[in-house]
Structure formats: C-alpha cells, structure tokens
S.K.: 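Submitted below is the structure of interest, expressed as structure tokens.
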Protein chains: 2
Amino acid sequence: MKAADYLPHIAYDSVILGYSDGELKILIMEYHNTGMFALPGGFVKIQEDLEDAVRRGLKERTGLDHIFLEQFHTFGSRARYQPEIMRTILIANGHEPDGDYHWLLDRFISVAYYALINYTEVVPTPDALSDSCRWYAIDKLPALILDHQEIVKKALQTLRDNLDRKLMSGNLLPPRFTMNELQRVYESILGAPLRRTSFQRRMLSLELLERHEKHYSGKAHKAPYLYSFKNS
Amino acid sequence: MKAADYLPHIAYDSVILGYSDGELKILIMEYHNTGMFALPGGFVKIQEDLEDAVRRGLKERTGLDHIFLEQFHTFGSRARYQPEIMRTILIANGHEPDGDYHWLLDRFISVAYYALINYTEVVPTPDALSDSCRWYAIDKLPALILDHQEIVKKALQTLRDNLDRKLMSGNLLPPRFTMNELQRVYESILGAPLRRTSFQRRMLSLELLERHEKHYSGKAHKAPYLYSFKNS
DNA sequence: TATTATTGTTACAAAATGAGACAATAATGA
DNA sequence: TCATTATTGTCTCATTTTGTAACAATAATA
C-alpha cells in the first residue's frame with residue numbers, strides 16, 4: 001500500500017451489519033498486538049470512485065459483491081486526528097515509520113457507509129494490518145478507536161428511517177423467512193418490541209412481501225408461512 | 001489562498017436556501033468572465049474542523065453566524081474530476097497556473113451541506129474567484145458546473161424528510177409569521193399543494209408553535225394570528 | 001350596511017392503528 | 001385416538017388520525 005496510489009487525507013469506514021441468532025451484529029477488526037478495535041475501513045485510489053473504493057473493501061473483508069450499501073455521514077472533526085494511534089498500529093506491524101513521516105499519520109476525513117449483508121455468506125477476512133475480523137453483537141461491542149463508536153451510533157440512527165425500503169434492498173435475512181423472523185429484525189434495529197398483529201397487518205399492507213409455502217419447524221404449533229421480498 | 005494551508009483533495013459545497021416572494025431560493029455564484037455558475041464552496045484548513053470550515057464559508061458569503069446547517073452527502077465520483085473547468089476559472093482570474101500544476105487542479109471529493117437562512121438578513125458576497133453571488137429561484141437555476149445540479153437535487157430530497165424539525169431549527173421565515181406563510185414554505189419545499197384545514201390542524205397539534213397577536217395586513221378579510229416556533 | 005376575501009373552528013366521514021379475541025393448526029404425550 | 005400446548009393468521013371493535021366540507025367570525029371596502 002503505497003502513498004502514491006491513494007488520495008491522501010481521505011478514508012472511509014464501513015458499518016457492516018449482519019443478523020444471526022436473533023441479534024444484529026457488526027464486523028469489527030482488531031489490530032495486531034495492540035488490543036485496538038476498529039471498523040473496517042480503507043482508502044480511495046487515485047483513479048477510483050469513492051463508492052467503488054468502499055465496495056472493493058467490502059469485497060476484501062466479506063467476500064461479497066453487489067451489496068446494499070448506503071453512505072450516511074462524513075466525519076471531519078479535528079478531534080479524530082490522533083496520529084499516535086496509527087503510529088502504534090504501524091509499529092506493531094513492523095512498519096516503523098522512516099524518520100517521523102508516513103502518509104497514514106496525516107489527518108484523515110472519513111466517509112462512512114453502512115451495509116446490510118447476509119451473515120451466513122460472509123467469510124470475515126482481516127486486512128494486512130489486522131489479525132482478526134469478526135462479528136460482535138451490536139450491544140456487546142468492544143471499545144473502538146477514535147470516533148468509531150459514534151459512527152456506529154449514527155449508522156443505526158440512519159438505518160431506522162425508511163427501514164422498510166432498506167430491509168427490502170438489503171440482505172439481513174435469507175431469501176425466505178417467516179413473519180416472526182422479520183419482526184425480530186425490525187425489533188433489533190429499532191430497539192423496541194412491536195405488536196405482533198399490527199406488525200403483520202402493516203407488513204402485508206405494504207405489498208412488498210410475497211407469500212410462499214409453509215415452514216414446518218418441528219415445533220408443536222401451527223406452521224407459519226414463508227415470505228420473500230418482491231422483486232429481489 | 002495557498003496550498004499549504006488547506007487539506008488537499010477535500011472540498012465542501014453548500015446549498016444555501018432562503019425564502020422570499022413565495023419562492024424557495026438558492027445562493028449561486030458566477031465566476032469572472034466564464035459564464036460558469038456554481039454552488040458556494042470552499043476548502044478545509046489543516047487546523048480546522050470540517051463543519052467549522054463550512055460555517056466560515058457561510059459567514060463570508062452571507063455575513064451570517066449561528067446558522068442551521070446540515071451535512072447531507074459526500075460526492076466522490078471520478079466523473080466530477082474535470083480539471084479543465086478549474087483551469088478556465090483560474091486563468092480568467094489571472095492565476096495562470098505555473099507550468100502544468102496547481103493544487104486546485106487535483107481531484108476533489110466534496111462534502112455537501114444545506115443551510116436554511118433568513119433571506120432578508122443576507123448580504124450576498126462573492127469570493128475572490130467569483131464576480132457575483134446572488135439568489136435564484138429553485139426552479140429557475142442557471143446551468144451549474146460539475147455535479148452541482150445533482151447536489152441541489154439531493155439537498156431538497158433530504159430536506160423533505162423531517163421537515164417540521166428542520167423548519168423549526170432553520171430560519172427560512174421571520175420570527176413571526178402567519179399560518180398561511182408557513183404553509184407556503186412547506187408547499188414550495190415539498191413541491192405540492194397542501195390542504196389548508198388539515199395543515200393548520202397538524203401544525204397546531206405538533207405543539208411547536210406559539211400563538212401571538214393578530215396581524216392586520218390592511219386586506220379586506222379576517223386578520224390571521226401570528227405564530228413563532230417555540231424555544232427559538 | 002351589505003359585500004368580499006380569508007380565517008379559525010367545528011362536524012362528519014374515511015382511513016390507519018391499537019388491543020384483544022379466537023379459531024386453526026403442528027407436534028406431543030396421555 | 002384425543003386432549004394439550006404453543007404459535008399463527010385473521011377478525012373485531014375501539015381509538016386515533018386524516019380527508020373533506022361546512023360555517024361562523026371578522027377586516028376592510030364600496
């Protein structure tokens with residue numbers, strides 16, 4: 001990763017959201033030998049669209065293409081300029097900066113995106129500077145570097161608006177799911193319980209769902225229908 | 001404006017919205033001797049928060065402080081890299097770039113903000129490269145450079161969500177206004193007519209308005225009440 | 001003093017939502 | 001085989017919100 005290939009001062013961070021075991025989860029990276037945790041991020045090549053750079057990073061970290069991705073905020077306060085953190089990370093990776101300067105030690109402004117992906121299809125893959133890349137439940141995140149906690153918070157706030165459309169375009173759920181599973185995803189994103197019957201009526205009235213065969217779980221009760229999102 | 005003072009590759013653009021004569025208006029700059037129109041924008045100093053940079057620019061262009069300002073998107077496609085446009089502007093201003101390089105000719109990623117300001121308090125002031133800075137009705141904009149048309153469009157889309165809160169925090173209207181004036185602002189932002197009685201009922205039920213004395217316009221009909229936004 | 005335009009409020013209908021009731025299952029186990 | 005249990009899909013009724021229109025109350029004017 002050479003300085004000349006990338007736009008200086010510009011980074012991106014991604015809040016990669018998946019869903020499993022009834023919980024919303026985020027992909028978090030840990031840097032080698034530092035105990036520091038961060039959102040997966042990266043930099044923009046000179047000859048590359050901003051959004052393409054983010055998709056490239058997502059592909060590297062998750063193996064996934066064609067992901068639902070939305071930009072939600074750009075973080076540019078001076079307070080996020082803490083070169084000693086990046087210096088620690090570089091040193092821990094054997095990249096002792098020559099003299100006192102390295103382009104990664106400059107001030108960066110970060111454009112933040114969130115992605116809704118299918119947990120089961122992902123193979124978390126750390127990058128060159130990190131030794132792990134794994135899922136954390138949204139309410140059990142480790143302490144994150146810089147303003148990454150704030151970035152996560154803002155991602156969730158954004159996600160809560162127009163949730164119907166976003167869930168429909170994203171991939172948090174498998175292709176077919178029950179109404180109950182859908183409701184649990186809503187609840188974990190909104191952080192509040194919903195009334196079953198009202199939820200079912202509202203979802204059906206949106207006309208975004210297609211009903212399929214029943215799903216026999218082996219449990220001792222009526223089998224629920226499976227649904228999928230229309231045109232996806 | 002020297003290269004060393006600013007973060008390279010990072011710019012901001014502002015969609016400055018005002019309201020007068022029943023129309024929503026935008027502040028647009030025209031560059032000297034080029035016939036090119038653009039949103040007021042600028043750059044971020046090395047020692048400056050991103051948002052402070054935008055407020056500094058707003059202060060220079062409008063004379064106003066403490067403005068309602070919200071970031072809504074960051075534009076980073078490669079297609080917006082058109083150095084010949086900036087070269088034309090520089091040359092028209094007598095800044096013939098030495099040799100072939102000038103930092104303003106590099107690729108820029110732009111963070112876009114919109115502001116809701118009080119039209120009557122503004123003294124539009126062009127910057128060093130422009131010869132005019134004036135108001136245009138939202139539906140009568142001149143052709144803008146780069147992706148600035150798209151930026152305006154996205155600003156309006158964003159503004160339409162949670163409009164109540166934004167209007168209340170912004171300053172499109174004078175401190176006291178009639179229900180009719182408020183309705184016209186809504187209509188010009190939403191681009192659609194609203195029903196008078198429903199609008200009045202909804203506004204009052206939000207409990208955001210405070211009712212004051214009547215306003216006698218001299219017209220031959222019942223005088224409307226004046227309102228203000230609570231706690232502002 | 002009647003006329004005109006516009007306003008604030010009320011009244012009623014229509015639509016959306018809240019809250020609960022209830023019948024219809026799948027499996028289980030007596 | 002048949003009652004039991006947990007959960008689902010749907011229906012009902014009350015409540016709230018919104019759409020639509022009506023109407024009385026003005027300010028100025030002629």
Side-chain angles (χ1 to χ4, degrees), chain A residues 19 21-23 160-165 167-168 173-230, chain B residues 19 21-23 160-165 167-168 173-230:
Chain A
Y19 181 80
D21 298 327
E23 286 183 318
R160 289 185 182 121
D161 296 335
N162 289 105
L163 190 50
D164 301 327
R165 177 185 62 76
L167 277 186
M168 160 145 183
L173 285 163
R176 297 201 174 184
F177 46 85
T178 66
M179 193 60 79
N180 196 331
E181 290 170 326
L182 182 61
Q183 184 177 342
R184 283 167 190 285
V185 172
Y186 269 82
E187 289 174 334
S188 57
I189 292 175
L190 296 175
L194 300 171
R195 184 165 297 273
R196 183 181 66 92
T197 52
S198 301
F199 180 78
Q200 173 130 336
R201 180 173 49 191
R202 198 172 76 80
M203 284 302 115
L204 293 178
S205 73
L206 288 177
E207 312 242 7
L208 296 176
L209 296 179
E210 202 157 351
R211 176 178 282 183
H212 304 284
E213 75 282 3
K214 292 188 175 185
H215 169 68
Y216 297 89
S217 63
K219 301 281 179 58
H221 54 73
K222 187 172 180 178
Y225 288 107
L226 287 174
Y227 296 88
S228 67
F229 291 113
K230 277 184 185 168
Chain B
Y19 181 80
D21 298 327
E23 283 183 319
R160 288 185 184 122
D161 296 335
N162 289 104
L163 189 50
D164 301 327
R165 176 183 64 75
L167 277 185
M168 159 144 182
L173 285 163
R176 299 202 171 183
F177 46 84
T178 65
M179 193 59 79
N180 196 328
E181 290 170 326
L182 182 60
Q183 182 176 343
R184 283 168 191 285
V185 172
Y186 269 82
E187 288 174 335
S188 57
I189 291 175
L190 297 176
L194 300 172
R195 187 167 296 271
R196 183 182 67 91
T197 52
S198 301
F199 179 78
Q200 172 131 337
R201 180 174 47 192
R202 197 171 78 80
M203 284 302 113
L204 293 178
S205 73
L206 288 176
E207 313 244 7
L208 296 177
L209 295 179
E210 203 157 352
R211 179 179 281 182
H212 302 285
E213 75 283 1
K214 292 188 174 185
H215 169 69
Y216 297 89
S217 63
K219 300 282 180 57
H221 55 73
K222 189 174 179 178
Y225 288 107
L226 287 175
Y227 296 88
S228 66
F229 290 115
K230 277 184 184 168

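Any value given below was found using the heavy atoms of this structure, including those in side chains, with hydrogens, waters and symmetry copies removed. By convention in this document, chain letters (A, B, ...) are assigned in the order of the sequence lines, proteins followed by strands, and residues within each chain are numbered from 1.
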S.K.: Check whether any side-chain nitrogen or oxygen of B:Ser198 sits under 4.0 Å from OP1 or OP2 of D:dT18, and answer yes or no.
M.R.: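 No, no such contact exists.
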S.K.: Does A:Arg201 make a side-chain donor-acceptor contact with the base of D:dG9, cut-off 3.5 Å?
M.R.: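 Not at all, since no donor on one side and acceptor on the other fall under 3.5 Å apart.
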S.K.: Below 30° counts as parallel, above 60° as perpendicular, anything between as tilted: where do the rings of A:Tyr186 and A:Phe199 land?
M.R.: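 A:Tyr186 and A:Phe199: perpendicular rings.
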S.K.: Below 4.0 angstrom from OP1 or OP2 of D:dT7, is there any side-chain N or O of A:Asn180?
M.R.: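 A:Asn180 to D:dT7 OP1/OP2: no side-chain N or O under 4.0 Å.
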S.K.: Quick check: does any side chain N or O of B:Ser198 sit under 3.5 Å from a backbone N or O of B:Arg195, one acting as donor and the other as acceptor?
M.R.: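 Here the side-chain-to-backbone pair does not exist.
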S.K.: Mind checking B:Ser205 for me? I need base, sugar-phosphate or nothing, with any heavy atom below 4.0 Å counting as a touch.
M.R.: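 B:Ser205: no heavy atom of the nucleic acid under 4.0 Å.
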S.K.: Measure from CZ on B:Arg196 to C1' on C:dT9 and round the result to the nearest Å.
M.R.: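 Taking CZ of B:Arg196 and C1' of C:dT9, I get 9 Å after rounding.
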S.K.: Can you tell me how far C1' of D:dT8 sits from CG of A:Leu226, to the nearest Å?
M.R.: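 After rounding, the gap between these two atoms is 13 Å.
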S.K.: Would you say the side-chain atoms of A:Glu181 pair up with the backbone N or O of A:Thr178, donor to acceptor, closer than 3.5 Å?
M.R.: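 Indeed, once roles are kept as given, a pair shorter than 3.5 Å links the two residues.
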S.K.: Got a list of protein N/O to nucleotides 1-3 of chain D N/O distances below 3.5 Å?
M.R.:
none

S.K.: Nearest whole angstrom, please: distance from the P of D:dT18 to the CG of B:Leu194.
M.R.: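 About 13 Å, once rounded to whole Å.
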S.K.: Calculate the interatomic distance between B:Arg202 atom CZ and C:dA15 atom P; express it in whole Å.
M.R.: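 Those two atoms, CZ and P, are 20 Å apart.
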S.K.: Is there a donor-acceptor pair under 3.5 Å between the side chain of B:Arg160 and the backbone N or O of B:Ile189?
M.R.: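 Yes, the answer is positive, given that a donor and an acceptor are paired below the 3.5 Å cut-off.
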S.K.: What integer distance in Å separates B:Leu204:CG from D:dT18:P?
M.R.: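 That distance rounds to 13 Å.
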S.K.: Side chains of A:Arg202 and A:Leu194: does their closest heavy-atom pair fall under 4.5 Å?
M.R.: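 Not in contact.
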S.K.: What is the separation between atom NE2 on B:His215 and atom P on C:dG8, rounded to the nearest whole Å?
M.R.: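 Rounded to whole Å, this separation is 12 Å.
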S.K.: Students often get this wrong, so: under 4.0 angstrom with heavy atoms, is A:Thr197 touching a base, only sugar-phosphate, or nothing?
M.R.: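 Base contact.
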S.K.: What distance do A:Asp21 atom CG and A:Ser188 atom OG have between them, rounded to the nearest 0.5 Å?
M.R.: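 A:Asp21 atom CG to A:Ser188 atom OG measures 11.5 Å (nearest 0.5 Å).
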S.K.: Taking the six-membered ring of A:Tyr227, is NZ or CZ of A:Arg211 closer than 6.0 Å to its centre and within 45° of its axis?
M.R.: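 So A:Arg211 doesn't make the cation-pi contact.
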S.K.: Pairs under 3.5 angstrom, nitrogen or oxygen only, protein versus nucleotides 26-30 of chain C, please.
M.R.:
unit_1, atom_1, unit_2, atom_2, d
C:dA26, OP1, A:Lys214, NZ, 2.7
C:dA26, O4', A:His221, O, 2.8
C:dA26, N3, A:Ala220, O, 3.2
C:dA26, N3, A:His221, N, 2.8
C:dA27, OP1, A:Gly218, N, 3.4
C:dA27, O3', A:Gly218, O, 3.3

S.K.: Roughly how many Å is it from OH in B:Tyr225 to C1' in D:dA25, rounded to a whole number?
M.R.: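 From B:Tyr225 OH to D:dA25 C1': 10 Å.
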S.K.: For the rings on B:Phe229 and B:Phe177, is their centre-to-centre separation under 6.0 Å?
M.R.: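 Under 6.0 Å, so yes.
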S.K.: Is any side-chain heavy atom of B:Glu187 closer than 4.5 Å to one of B:Arg184?
M.R.: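 Sidechains of B:Glu187 and B:Arg184: in contact.
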S.K.: So, OP1 or OP2 of C:dG18: does either fall under 4.0 Å of a side-chain N or O from A:Arg195?
M.R.: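 Result: no.
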S.K.: Between C1' on D:dT8 and CZ on A:Arg211, what's the gap in Å once rounded to a whole number?
M.R.: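 From A:Arg211 CZ to D:dT8 C1': 10 Å.
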